[in-house]
Amino acid sequence: MIKKLLPILLALIGLSAGVGGGLMLRPNPEIVAIDPCGDTEAAKPKDAEHGGDEDAPPADSAFEYVKLNNQFVIPDLDGGRVTAMVVLSLSLEATTGSREAIYAREPKLRDAFLQVLFDHANTGGFKGAFTDSSTMNALRRALVEVAQKTIGPQINDVLVIDIVRQDIG
């Protein structure tokens, strides 16, 4: 009889210990505020003594992130032959409310980004240690410059979300 009850008893003890540990170790919602929807105002903890966050920037200076729909595929050439393919995913950090304007001009923006990426590849930017911080910073600066020329000053930064290089045998 005890042999039949022992696995059930152990399972109940383990389950209750897990639930108890989870309840004890859960974060305090006032300390850790994470909003999965990206709402920066809802994610900021409120200071009870001062009635809010007075150091917060005004809402009109907040940024939103706009992910470009498709990846960029850039061939890496050596002596006129394709030696590797580089695939990038980019997002833009832009002023709040500029998402529609960015998507409306996305074809022109993609064309300008492709030209920058092709130039970067042709100067050897995707060879060797292509993820080195100085190389990536130069690429980001060029992408930001062309994005601001194409879209306008509402573009704050260009973020490289994914970058993959596949050598071709």
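The analysis underlying the following values was restricted to heavy atoms, covering all of them including side chains, and did not include hydrogens, waters or symmetry mates.
Listed for the Thr123 side chain is a donor-acceptor partner under 3.5 Å among the backbone atoms of Asp119.
With rounding to the nearest 0.5 Å, the separation of CG in Leu117 from CG in Leu139 is 6.0 Å. Here the OG1-NZ distance, from Thr135 to Lys127, works out to 13.0 Å after rounding to the nearest 0.5 Å. Interatomic distance, CD1 of Ile74 versus CG of Leu88, reported as 5.0 Å (0.5 Å rounding). Between atom CG of residue Leu114 and atom CG of residue Leu109 there is a gap of 9.5 Å, rounded to the nearest 0.5 Å.
In plain terms, the two heavy atoms of Ile161 and Leu90 that are nearest each other are CG1-C, 4.2 Å. Closest non-hydrogen pair, Ala121 versus Pro75, comes out as CB-O, 3.9 Å. Residues Val87 and Gln71 approach most closely at CG1-OE1, 3.3 Å, considering heavy atoms.
No path of Ile, Leu, Val, Met, Phe, Trp and Tyr side chains, each step under 4.5 Å between heavy atoms, connects Met136 with Val164, placing them in separate hydrophobic clusters. In the hydrophobic clustering of this structure, Leu143 groups with Tyr103; members are Ile, Leu, Val, Met, Phe, Trp, Tyr whose side-chain heavy atoms approach within less than 4.5 Å, directly or through other members. Residues Val82 and Val73 share a single hydrophobic cluster, defined by chaining ILVMFWY side chains whose heavy atoms lie under 4.5 Å apart.
By the side-chain hydrogen bond (donor to acceptor under 3.5 Å, both in side chains) test, Asn122 pairs with no residue at all, sequence neighbours left out. Listed by chain and residue number, Asp76, Arg165, Asp167 satisfy the side-chain contact (heavy atoms from CB on, under 4.5 Å) test with Ala84 (two or more places apart in sequence, or in another chain). For Ser16, there are no side-chain hydrogen bond (donor to acceptor under 3.5 Å, both in side chains) partners, not counting sequence neighbours. For Asp162, the side-chain contact (heavy atoms from CB on, under 4.5 Å) partners at least two apart in sequence or on another chain are Ser89. Residues passing the side-chain hydrogen bond (donor to acceptor under 3.5 Å, both in side chains) test with Arg99, sequence neighbours excluded: Glu64. With sequence neighbours excluded, the residues satisfying side-chain contact (heavy atoms from CB on, under 4.5 Å) with Asn70 are Arg110. Qualifying side-chain hydrogen bond (donor to acceptor under 3.5 Å, both in side chains) partners for Asn69, counting only residues two or more places apart in sequence or in other chains: Glu106.
The ring pair (Phe, Tyr, Trp, His ring centres under 6.0 Å) pairs that include a residue from residues 121-146 are His120-Phe126, where partners are two or more places apart or lie in different chains. Counting only residues at least two apart or on different chains, no salt bridge (Lys or Arg N to Asp or Glu O under 4.0 Å) pair has a member in residues 7-24. Within the structure, ring pair (Phe, Tyr, Trp, His ring centres under 6.0 Å) pairs that include any residue of residues 134-158 do not occur (at least two apart or interchain).
Counting heavy-atom neighbours within 6.0 Å of Lys108 NZ, excluding the residue itself, gives a total of 12 or less.
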Discussion item. Test side chain to side chain contact (heavy atoms under 4.5 Å, CB included) on Thr96 and Phe63; report intermediate values, then the result.
Written reply: CA-CA 5 Å; Thr96 303; Phe63 294 107; 5.6 Å; no

Name every donor-acceptor pair, under 3.5 Å, that has one atom in a side chain of residues 147-160 and the other anywhere in the protein, sequence neighbours excluded.
| residue | atom | partner | partner atom | Å |
| --- | --- | --- | --- | --- |
| Gln148 | NE2 | Ile155 | O | 2.9 |
| Thr150 | OG1 | Val146 | O | 2.8 |
| Asn156 | ND2 | Glu93 | OE1 | 2.3 |

